[in-house]
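Just so it is clear, the model here is predicted, and its values are computed rather than measured. Heavy-atom basis, side chains included; hydrogens, waters and symmetry copies ignored. Numbered from 1 within each chain, the chains take letters A, B, ... in sequence-line order.
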Amino acid sequence: MRKDEIRTELLNEHTTLRRGSDETGYEDITGDEYQAIIESWAEAAYAKELEAQAAEAQAEAKAALLNRLGISADEAKLLLG
Amino acid sequence: MATTTNYSWTTPDDTDLVKDGAAAIRTLGSAIDTSFAADQGDLLLGGTSDIFEPLAIGAAATVLTSDGTTASWAPPASGLTLISRQSFTTVADTGTTFDGVFTSTYKTYKIVIENFFGSSAAADLYLQLRYAGPTTQAGNYNWNDAIIISNGTTATAWANPSNFWQLSRNTESSGDPLSGEYTIFKVGNASEEPQLFGTSSSSQSEEATNFTGQQTTARTYTGLIFSASTGTISGTIAIYGLAV
């Protein structure tokens, strides 16, 4: 997903925000602060998605290389050891 | 005018007239009222002059103790004392909920995450410190962790510096919440650089995270605030003071 898609999804999922606890009470978060929190959440979620994509691509490249060499991951470790 | 031995309450003289008895009883009653007046939480304690004296309620989390002669309020001699236990549901952060939990009463504190989950299970769990104001400390968090995954593999992560301590890389879901226990040092007493270490267990992700962190801005920190990298959080968290 693109960052703007993530942001839209977060805005739809969290139409209101609040902070606090059952014991101390809750306070609504509105206006600029609401927008800033949604933006920071979108950035964090997007960064995590890029990380996951990079890890997946790295795993695929590793599997493809092992396949070309015709050896298993354990055998590759033996070679490096 | 005659008075009682210990409290010097006024009583009628033997020669006073019977018709003045009602007024004399009212005077005596008012004197007793005044002698035993106390604020909410006060205790009546026997004093050095053989009369009761009020002992004001002690500070939060202190206990009544004895030196063999009299009683007073003091921090518990040893063990854990519950300072605050709070539950919260679908909040962006815990706000002022845990402000004021760190004081000079204790040198070390335990943070027990009884259960915790986020609206986005894959979000990171953040912890930041708060100080007088109260203000959230926004930077200079160093941390590293070692994650043991259920299939026997391990992973590590670190940040230096960061805007938060990242206690877990998964906030988990309501059906499989996260639990954890942390010890925090160098808070509440003086301007110091706090240190935190502990472990959390993610039942959904089947991961155990061993965490250690430092805050390199020295302050007298008085509280903390929980949030997630993305989405709202829910849970119950308790803070204990560790007396030694």
Practice task
Decide, yes or no, whether a salt bridge links A:Lys3 with A:Glu39 under the criterion of side-chain N to carboxylate O below 4.0 Å.
Solution key: yes
Problem - No-hydrogen, no-angle side-chain donor-acceptor test under 3.5 Å, B:Gln137 and B:Arg130 - result: no
Handout entry: Option in A:Asp22, A:Leu10, A:Ile6 with maximal non-hydrogen atom pairs under 4.5 Å from chain B
Key = A:Asp22
Problem - Ring centre gap for B:Tyr109 and B:Tyr240 strictly below 6.0 Å - result: no
Exercise for the section: Sort out for me which of B:Ile225, B:Asp124, B:Thr96 touches chain A most, counting heavy-atom pairs under 4.5 Å. Expected result: B:Asp124
Practice task
Identify which part of B:Ser119 has an atom lying under 4.5 Å from any heavy atom of chain A, answering side chain, backbone, both or neither.
Solution key: both
Practice task
Sort B:Arg169 into side chain, backbone, both or neither according to what part of it lies under 4.5 angstrom from a heavy atom of chain A.
Solution key: both
Completion exercise
Looking only at B:Gly231, B:Ala123, B:Ala92, B:Ser229, most heavy-atom pairs under 4.5 Å shared with chain A are made by B:Gly231
Handout entry: A:Ser72 side chain to A:Glu75 backbone, donor-acceptor under 3.5 Å
Key = yes
Exercise for the section: Determine whether the side chains of B:Asn151 and B:Thr153 contain a donor N or O and an acceptor N or O closer than 3.5 Å. Expected result: yes
Handout entry: Interchain contact, B:Ser84 with chain A, by part (heavy-atom threshold 4.5 Å)
Key = neither
Problem - Side chains of B:Ile111 and B:Phe226 in contact at under 4.5 Å (non-hydrogen atoms) - result: yes
Exercise for the section: Sort A:Glu13 into side chain, backbone, both or neither according to what part of it lies under 4.5 angstrom from a heavy atom of chain B. Expected result: side chain
